[in-house]
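Note that these values count all heavy atoms, side chains included, but never hydrogens, waters or copies made by symmetry.
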Amino acid sequence: YILEEVQHNEGLYEKYPTNNKIQFDLAMSYAYSGQILSGWTTLKTLPKSYAVEVVADYNKKMIQDPGQWKYPFKAAFGYFFIGEKIKAIELFQRVLQIDPNQYWAYGFIALVYGEMGDTKNAIKFCKKGLSIEPNATGIHFLLAEAYRKDKKYYKAFKHFLKAGRLQAKD
């Protein structure tokens, strides 16, 4: 289902490569399908000012359908890009209230904590995500980065290796 969404959004993007909404939707479908690098690369092409529109749009959608986890997931990215990192974390936590198995939400909470320099929480949330999906390449990479920042080089190396092995399988 999610991979079908990725293919659909890639098709739209091929037709309308300059449409901000289509680019954002493609980046988000990459994000929650585990294609972190593709998602991040696509997001970076969007103007930062578009984040305000994302926040407004998905805040409305969250009110209309509070049981849909993709709405707070997408709104969280909007908040992240306008610098409201705590709000982004809160929204990823809402995703987990709706769908406790959405391991990428744990990964993105870890990413935000890592961006804030809070490696203790970054490690904690990476481990929670990996307890659900032990082969989440992007989360292993985030965990390795957090350990590296904490100067726990052996643990960092172990997770960089795991991420590399998993990526080689893809």
Side-chain angles (χ1 to χ4, degrees), residues 1-62 64-82 85 88-89 91-112 114-115 122 125-126 128-145 159-160 162-170:
Y1 156 71
I2 287 177
L3 292 180
E4 289 171 9
E5 183 179 325
V6 170
Q7 290 173 337
H8 172 75
N9 287 333
E10 285 175 335
L12 288 173
Y13 180 69
E14 284 177 22
K15 291 179 186 171
Y16 310 102
T18 60
N19 182 297
N20 288 340
K21 182 177 180 353
I22 289 170
Q23 277 182 273
F24 182 77
D25 286 344
L26 176 59
M28 291 298 94
S29 59
Y30 282 147
Y32 48 71
S33 67
Q35 299 174 61
I36 307 294
L37 187 58
S38 296
W40 200 247
T41 303
T42 305
L43 273 177
K44 284 180 169 180
T45 64
L46 287 165
K48 285 210 180 206
S49 59
Y50 183 66
V52 175
E53 199 174 316
V54 166
V55 166
D57 187 30
Y58 287 100
N59 275 333
K60 284 181 201 163
K61 289 181 178 189
M62 283 188 294
Q64 293 165 352
D65 187 356
Q68 172 55 264
W69 66 266
K70 289 180 184 178
Y71 297 156
F73 192 99
K74 292 177 180 183
F77 275 94
Y79 280 107
F80 177 81
F81 278 103
I82 60 174
K85 293 176 181 172
I89 290 170
L91 287 169
F92 283 126
Q93 288 173 330
R94 187 182 303 176
V95 169
L96 293 166
Q97 289 169 351
I98 297 166
D99 180 0
N101 292 319
Q102 186 26 269
Y103 54 92
W104 289 114
Y106 284 113
F108 287 112
I109 290 170
L111 173 79
V112 177
E115 289 273 319
F125 282 94
C126 282
K128 286 182 178 189
L130 290 171
S131 73
I132 298 166
E133 177 46 74
N135 293 322
T137 307
I139 298 176
H140 279 287
F141 182 78
L142 290 170
L143 184 55
E145 273 296 300
H159 286 281
F160 278 128
K162 178 79 172 175
R165 278 196 301 265
L166 291 168
Q167 199 157 17
K169 288 180 184 178
D170 289 345

Dump the intermediate steps for side-chain hydrogen bond (donor to acceptor under 3.5 Å, both in side chains) on Q64 and Y71, then the final yes or no. CA-CA 10 Å; Q64 293 165 352; Y71 297 156; over 6 Å; no
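- Salt-bridge check for D25 with K74: passed, with a basic side-chain N closer than 4.0 Å to an acidic carboxylate O.
- For I132 against N101, the heavy-atom pair with the smallest separation is CG2-O, 3.7 Å.
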Could you check Y30 against E10 for side-chain hydrogen bond (donor to acceptor under 3.5 Å, both in side chains), going step by step and ending with a plain yes or no? CA-CA 10 Å; Y30 282 147; E10 285 175 335; 2.8 Å; yes
Take F73 and R94, measure what side chain to side chain contact (heavy atoms under 4.5 Å, CB included) needs, and give me the verdict at the end. CA-CA 8 Å; F73 192 99; R94 187 182 303 176; over 6 Å; no
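- At least one donor-acceptor pair closer than 3.5 Å links the side chain of N59 to the backbone N or O of V55.
- For G67 against I98, the heavy-atom pair with the smallest separation is O-CG2, 3.1 Å.
- The closest side-chain heavy-atom distance from Y16 to Q23 is not below 4.5 Å.
- Contact detail for H140 and A163: the closest heavy-atom pair is CB-CB, 4.0 Å.
- Results of the side-chain contact (heavy atoms from CB on, under 4.5 Å) test with H159 over I139, L142, L143 single out L143 as the only residue that passes.
- Taking all atoms of both residues into account, the shortest heavy-atom contact from L130 to A136 is CD2-O, 3.9 Å.
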Steps toward ring pair (Phe, Tyr, Trp, His ring centres under 6.0 Å) verdict (Y32, W69): CA-CA 11 Å; Y32 48 71; W69 66 266; 5.0 Å; yes
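- Between M62 and L91, some side-chain heavy-atom pair lies under the 4.5 Å cut-off.
- Interatomic distance, L26 CG to K21 NZ, rounded to the nearest 0.5 Å: 11.5 Å.
- Taking each heavy atom of A76 and A88 in turn, the nearest pair found is O-CB, 3.3 Å.
- F141 has its side chain out of reach of K162: every pair of non-hydrogen atoms, C-beta onward, lies at least 4.5 Å apart.
- Taking 4.5 Å as the limit, some side-chain heavy atom of F24 sits within range of a side-chain heavy atom of Y58.
- A110 approaches C126 most closely through the heavy-atom pair CB-SG, 3.5 Å.
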Candidate pair L96 and I109, rule side chain to side chain contact (heavy atoms under 4.5 Å, CB included), full reasoning: CA-CA 10 Å; L96 293 166; I109 290 170; 3.8 Å; yes
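- To the nearest 0.5 Å, atom CD of residue Q97 and atom CD of residue Q102 are 14.0 Å apart.
- In this structure, L43 CG and K48 NZ are separated by 10.5 Å, a value rounded to the nearest 0.5 Å.
- Side-chain contact between L111 and W40: present, with at least one pair of heavy atoms (C-beta onward) separated by less than 4.5 Å.
- The OG1 atom of T137 lies 4.0 Å from the CG atom of L166; values are rounded to the nearest 0.5 Å.
- You'll find the side chain of V6 reaches within 4.5 Å of the side chain of Q35, heavy atoms only.
- Side-chain contact between K85 and E115 is present, with heavy atoms from C-beta onward closer than 4.5 Å.
- Taking CZ of F92 as the start and CZ of F80 as the end, the distance is 8.5 Å to the nearest 0.5 Å.
- Here the side chains of I2 and S29 are not in contact, with every heavy-atom distance at 4.5 Å or above.
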For F108 and F77, run ring pair (Phe, Tyr, Trp, His ring centres under 6.0 Å): C-alpha distance rounded to whole Å, both residues' side-chain angles, the deciding distance at 0.1 Å, then the answer. CA-CA 9 Å; F108 287 112; F77 275 94; 4.9 Å; yes
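- The structure places CG of L46 at 5.5 Å from CG of N20, a figure rounded to the nearest 0.5 Å.
- Applying the salt bridge (Lys or Arg N to Asp or Glu O under 4.0 Å) test to residues at least two apart or on different chains, none of the pairs has a partner in residues 28-43.
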